[in-house]
Amino acid sequence: ARGACVGPALAAGRAMVARLSPPDSVAQDYGLYAMTGKTVAVIGPFLLGLATTAYGQTAGMFVIIGLWVAGGLAVLMVRERAPTAASVAE
């Protein structure tokens with residue numbers, strides 16, 4: 001089931017970067033998106049392993065829940081700018 005959700009989530013993330021990036025920094029924003037994804041792919045398992053080793057499996061689950069909550073709160077702070085006449089014409 002996890003594999004069925006990863007593909008659409010990645011596609012939605014790329015579409016969100018395209019919508020939120022100013023036209024003059026799209027490449028830079030995609031680079032930041034890619035670097036963030038690779039960094040999180042290392043930090044998440046590291047924190048999970050650290051908490052599980054130090055405190056047990058329950059602590060590892062709390063790390064996962066905490067990362068989900070932090071990600072959800074971060075997404076709630078994203079605001080899309082209203083389209084302007086120039087951007088609609090493009």
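Reckoned from all heavy atoms, side chains included, excluding hydrogens, waters and symmetry mates.
Under the rule for a side chain to side chain donor-acceptor pair (under 3.5 Å), the partners of Ser21 that lie at least two apart in sequence or sit in another chain are Asp29. In this structure Val69 satisfies the side-chain contact (heavy atoms from CB on, under 4.5 Å) test together with Ile65, Leu73, sequence neighbours excluded. Residues passing the salt bridge (Lys or Arg N to Asp or Glu O under 4.0 Å) test with Arg19 are Glu80, sequence neighbours excluded.
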Donor-acceptor pairs under 3.5 angstrom involving side-chain atoms of residues 51-62: please list them, not counting sequence neighbours.
from  : atom 1 : to    : atom 2 : distance (Å)
Thr52 : OG1    : Leu48 : O      : 2.7
Thr53 : OG1    : Gly49 : O      : 2.8

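Grouped by direct or indirect side-chain proximity (heavy atoms under 4.5 Å, Ile/Leu/Val/Met/Phe/Trp/Tyr only), Met35 sits with Leu32. Leu20 forms part of a hydrophobic cluster together with Met16, Val78, judged by ILVMFWY side-chain heavy-atom separations under 4.5 Å. Residue Leu67 is found in a hydrophobic cluster whose other members, listed by chain and number, are Ile43, Phe46, Leu47, Leu50, Val63; membership requires side-chain heavy atoms under 4.5 Å apart, directly or through intermediates.
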Note to self: Working note: Arg14 + Leu10, criterion side-chain contact (heavy atoms from CB on, under 4.5 Å); need CA distance, chi angles, decisive distance, verdict.
What the structure shows: CA-CA 6 Å; Arg14 287 190 298 270; Leu10 292 173; 3.7 Å; yes
